[in-house]
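Have a look at the structure below, then the notes.
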Amino acid sequence: MIWLHRYAKLVTLFTVLLIAAGGMVTSTSSGLSVPDWPNTYGWFMFSFPYSKWVGGIFYEHSHRLIASTVGFLTIGLAAWTSLVEPRRWVRRLAWLALGAVILQGVLGGLTVLYFLPAPISIGHAALAQIFFCLALSIAVFTSPRWACGANPVDDATLRRLTVATAGVIYVQILLGATMRHMDAGLAIPDFPLAFGRVVPPFWSTAIAINFAHRVGALAVTLAIAATAIRVWRHHRYRSGLVANATLLVVFLATQITLGAFVVLTGKQPIVNTAHVVNGASVLGTALVLALRSYRVRFARTAAAVEPARVLRSEPGGMGIPAVQGKAVRP
Amino acid sequence: MLRSARFIVPWLLVVAAACGGGQNKSAEPAAPAAAPDAKKVDPATAGDISGKVLVEGQLPPNPPIKMGGDPACNNPNATAETYVASNGALENVFVYIKDGLGNKYLFETPAEPVKLDQKGCMYHPHVLGVRVGQPLRIVNSDQTMHNVHAMPQTNQEFNRSQAITGQKDDFTFTAPEVMIPFKCDVHGWMNAHVGVVTHPYFAVTGNGGTFDLRAVPAGTYTIEAWHEKLGAQTKTVTLGEKEKKEVVFTFKAPIAS
């Protein structure tokens, strides 16, 4: 099972790489540099000569190849999970991930063939994050830490906070994708103010989307702050949760800084892409925190499939047990 | 889950097949038809409209183009062609009769294609005009690959790959449209502008900023001059039989920010 977990982590890692490659395609306006799909300038995708990977073709074609790799890896994930995973819902999740990656490929092709219509391109970006979350969730569910699940945190407020935080982040990513695909990224040219004011003095669709993304950043900041404070104050001896919450705050700070630089550099492609990738990292970290806070709900299921664990107390005398040793499949 | 996949996969295939790409849409916009009593322009009574396009103020320099992304496009001195002017005369301005001809006249559509060449990873010419129904021949003279991406509002959008040196593709537009932007997504700096009109009265200003609209029938016309950055200006001209009229357009250079 540990190898399945490692494999799921590999799929997640490749998905981050794929999101980065997709970010570069949009940031360099290369989305239509390969007009045909699934072929590339008439070549079978995998036989397109490397010498012809020039200009925008480099970004678009490498995105397609990485996407294909993720597709093949996901087939492997679904098959492997079906073979070795005893939990039916995890197996279903793996097949759902495969369905998502297939749909994602079709959306990618359609957006090329229809000259990047905003609804399809936004849907492509939105589904990318869903797929990333699915791959990451499978990696979490197959991890030894999840399998032992000893004395998981049981905090209803934290559960509500983490789910709300992950939801707000996802909505914020959707707003970002809408802004990106409607070319509204520089509709408000200054930062942190908007045309020198807190609220824009005039409005257009592009300005409204841009401003909504900025307001969304504020909402995400508040949600993450509330979650992190909850963890730091009420679960400070759970080192895993604290590390997770701290990482979330670090990613948030990085994301806001990158967002500012996107505006100030006039959407420099590397900065733009880093903003997209870091956004996925914020979402992923919030998701892991949410899953950990919900681990207690899975206790009975896990107990049914996992052997008994040896527990020890956390240092500090709080009596919070933790797992000792590695998880072993029965 | 496998049972669900049996439904989902065929559904996706059907969707993909049904969509089949946006490059072969059936409904095409059409140019307005000529009136039943429309006639050919009588060259014996027609006049000429000529003129000049000027620019006031200091135009900003065209930004340099970094062609490093493709070794076949290595021109270290290349710049954008947004502003081309000398001695206050502005080039690359599309001038045409926008209004006044109605559907009173019959104009034969030339079979000879208008050429738009991709050479040195730039479009030549940068601004051009073509008639509705007249072929626009796009040529790849470069040792690299281009995609030809037209982005009209009225006509049908297309995006065609030109992978081979010397490749030629002909395109026609079915409705008038001023202007249609063209771009190459492989080489982000490549762009051109094509004006599509129903009649022969159009020109692009060259050296000296001059233009000539010849053999124009008598009448009152709205003449428009279009520039990709400086916008469009119109002037009304009343032309008598065998008359020659001069029109001067003056654009203002953008204020430096």
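Labels below follow one simple rule: chain letters A, B, ... track the order of the sequence lines, proteins then strands, and each chain is numbered from 1.
Atoms NZ and NE2, on B:K183 and B:H149 in that order, are 7.0 Å from each other to the nearest 0.5 Å. We find the NE2-CZ distance between B:H227 and B:F249 to be 14.0 Å, quoted to the nearest 0.5 Å.
Side-chain contact between B:H126 and B:V84 is absent, with no heavy atoms from C-beta onward closer than 4.5 Å.
Comparing A:G31, A:G55, A:G42 by heavy-atom pairs within less than 4.5 Å of chain B, the highest count is held by A:G55.
Proximity to chain B (any heavy atom under 4.5 Å) is shown, for A:W53, by neither the backbone nor the side chain.
Residues of residues 53-64 of chain B never come within less than 4.5 angstrom of chain A, heavy atom to heavy atom.
By the SG-distance test at 2.5 Å, a disulfide connects B:C73 to B:C121.
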Report the C-alpha distance between B:K168 and B:D170 in whole Å, list the side-chain angles of each, state the deciding distance to 0.1 Å, and finish with yes or no for salt bridge (charged side-chain N to carboxylate O under 4.0 Å, His left out).
CA-CA 7 Å; B:K168 297 171 185 169; B:D170 285 358; over 6 Å; no
Residues A:T111, A:H124; criterion side-chain hydrogen bond (donor to acceptor under 3.5 Å, both in side chains); working and verdict
CA-CA 8 Å; A:T111 203; A:H124 188 61; over 6 Å; no
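Checked by atom type, the side-chain pair B:E157/B:N159 shows no donor-acceptor distance below 3.5 Å.
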